[in-house]
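These notes concern the structure reproduced below.
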Amino acid sequence: MASSVRYPTSSLPPPAERPSFDAFFSYGFRPFFLGAAVYAVLAMLLWLGWIASVALGWPQGWLLVAGSPFAWHAHEIVFGFATAAIGGFLLTAVPNWTGALPLSGFPLVVLFAVWLLGRVAMGLSAVVPYPLVMIADGAFLPLLGGFAALQLFTRPAARNLVFLAMIVAMMICNIVSHLGNAGYLDVDPMAAIRAAMLIVIVMIAVIGGRIIPAFTHNWLNGQRPPVPMPRRIRWLDMTALVSLVVFVLFDTLAAGWVLVGTAALVAAIANGGRLVLWRGFATHAEPIVWVLHLGYAWIVIGLLLAALSAFTNEIPPAVVSHAFGTGAIGTMILAVMSRASLGHTGRRLVAPRVIVATYHLVTLAALLRVIAPLLPAQSYSPMLLAAGLAWAASFLLFALVYAPILTTPRVHMKLASR
């Protein structure tokens with residue numbers, strides 16, 4: 001069956017106009033999706049370069065970051081890459097939810113500049129006074145939350161205001177990670193970063209519950225002969241989300257292996273049941289739909305690994321973190337960015353062949369990164385390098401394909417349908 005599926009070589013008509021500053025800053029998804037993709041490449045290549053220099057016995061001080069380079073790497077994947085994608089999503093979705101005007105023009109330029117300043121400050125944190133680094137990096141989430149709040153309170157709804165609570169929680173985690181990194185608090189910055197990563201997982205679960213069954217329904221509804229539609233069961237959805245939040249709380253508070261493992265297992269079963277009801281297996285012919293299911297599946301995999309890690313001690317915590325970080329966060333961000341960028345620029349919701357390749361590359365990166373620590377030591381470094389290169393290649397291809405789309409005005413529907 002799979003061999004009979006044909007992917008279009010392109011669903012992206014040529015831009016009608018040249019790239020422009022006004023077009024680029026006309027909507028939040030444009031700068032932040034492109035920024036997230038480019039930074040995913042740059043941060044990963046810097047990380048791989050540092051790892052290679054250590055392996056070769058070169059001086060380790062060339063990476064100009066304060067504290068542990070491992071903490072910098074984890075911090076930038078969560079608070080650099082992921083928060084940019086979250087910003088692009090919220091600044092685009094919230095106006096649709098509330099009817100508010102989207103953030104654009106000078107305010108959007110300022111917000112994007114603050115995000116960029118944070119990345120530069122973190123990259124030079126060993127040579128910049130650390131209080132300034134904390135301010136530069138810590139400014140983005142409060143500003144994003146403030147702009148999102150202005151839009152959300154246009155038509156307040158509890159189901160949407162929950163995103164503000166998650167942004168505040170991530171802000172607290174970021175502050176704690178900085179205070180720990182600077183030695184102001186006796187806390188492991190990696191623990192605070194992991195907590196923030198898990199908050200992103202909760203955010204993905206909430207958003208996924210809204211968009212995945214809806215987008216799947218839209219695609220399956222056009223199939224002939226008619227096929228069963230995705231199903232949602234309210235009590236199962238609530239169980240999936242509540243058990244996931246409980247797991248995050250227990251994991252963050254180091255509540256003990258019994259509580260952490262049990263919560264992870266319950267959350268895995270509930271979220272797995274939720275995912276099965278969404279009928280992702282029926283969307284194998286449409287990559288831009290099935291990749292959403294794949295991204296959510298990584299949440300289930302991460303939870304199962306977390307349960308095994310708690311109950312057996314055979315699974316290193318890094319394996320769990322990368323199942324969530326590289327697998328769930330990386331895949332879902334790529335899936336949402338590739339789909340939303342097409343839809344909001346007036347193009348057909350069909351992934352071109354090169355973007356389908358990025359879905360496979362990010363999946364390869366996640367698999368290699370999760371498996372690497374479980375194999376003999378001599379295999380670890382080559383698989384780590386391969387995983388990093390697959391990740392970088394995935395987001396580089398996305399940036400190359402979507403840069404012309406994100407920097408030019410929206411195409412007319414007539415052009416998009418050709």
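One is the number of the first residue; the rest follow in order along the sequence.
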Using the side-chain contact (heavy atoms from CB on, under 4.5 Å) rule, take F215 and W278 through it: C-alpha gap first, then chi angles, then the decisive distance, then the call. CA-CA 10 Å; F215 293 161; W278 293 343; over 6 Å; no

Centroid separation under 6.0 Å, is that true for the rings of F250 and W257?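 No, the ring of W257 stays outside the 6.0 Å limit from the ring of F250, centre to centre.
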
What do you reckon, are the aromatic ring centroids of Y184 and Y130 less than 6.0 Å apart?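 So the answer is no for these two rings.
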
Under 3.5 Å donor-acceptor, [X] side chain and [Y] backbone:
| X | Y | result |
| --- | --- | --- |
| E76 | F81 | no |
| T358 | S394 | no |
| T154 | L150 | yes |
| Y359 | A335 | no |
| S177 | N174 | yes |
| T326 | A323 | no |
| T283 | E286 | no |

Parallel, tilted or perpendicular, as decided by the 30° and 60° cut-offs, for the rings of F21 and F25: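 Judged by the thresholds at 30° and 60°, the geometry between F25 and F21 is tilted.
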
Would you call the rings of W115 and F112 parallel, tilted or perpendicular if under 30° counts as parallel and over 60° as perpendicular?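 Ring orientation, 0 to 90° scale: parallel.
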
Check whether W391 forms a cation-pi arrangement with R369 (NZ or CZ under 6.0 Å from the six-membered ring centre, at most 45° off the ring normal). no

How about F106: does its CZ atom have over 12 heavy atoms from other parts shown lying under 6.0 Å from it?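 Result for CZ/F106: open.
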
If you count the non-hydrogen atoms of other residues, nucleotides and ligands that lie under 6.0 Å from CG in N96, is the total more than 12? yes

Just do the ring pair (Phe, Tyr, Trp, His ring centres under 6.0 Å) check on W290 and H360 with the steps written out, would you? CA-CA 12 Å; W290 63 244; H360 294 299; 5.8 Å; yes

Would R410 and Y27 satisfy side chain to side chain donor-acceptor pair (under 3.5 Å), going step by step from the backbone distance to the final call? CA-CA 11 Å; R410 178 186 174 94; Y27 231 117; over 6 Å; no

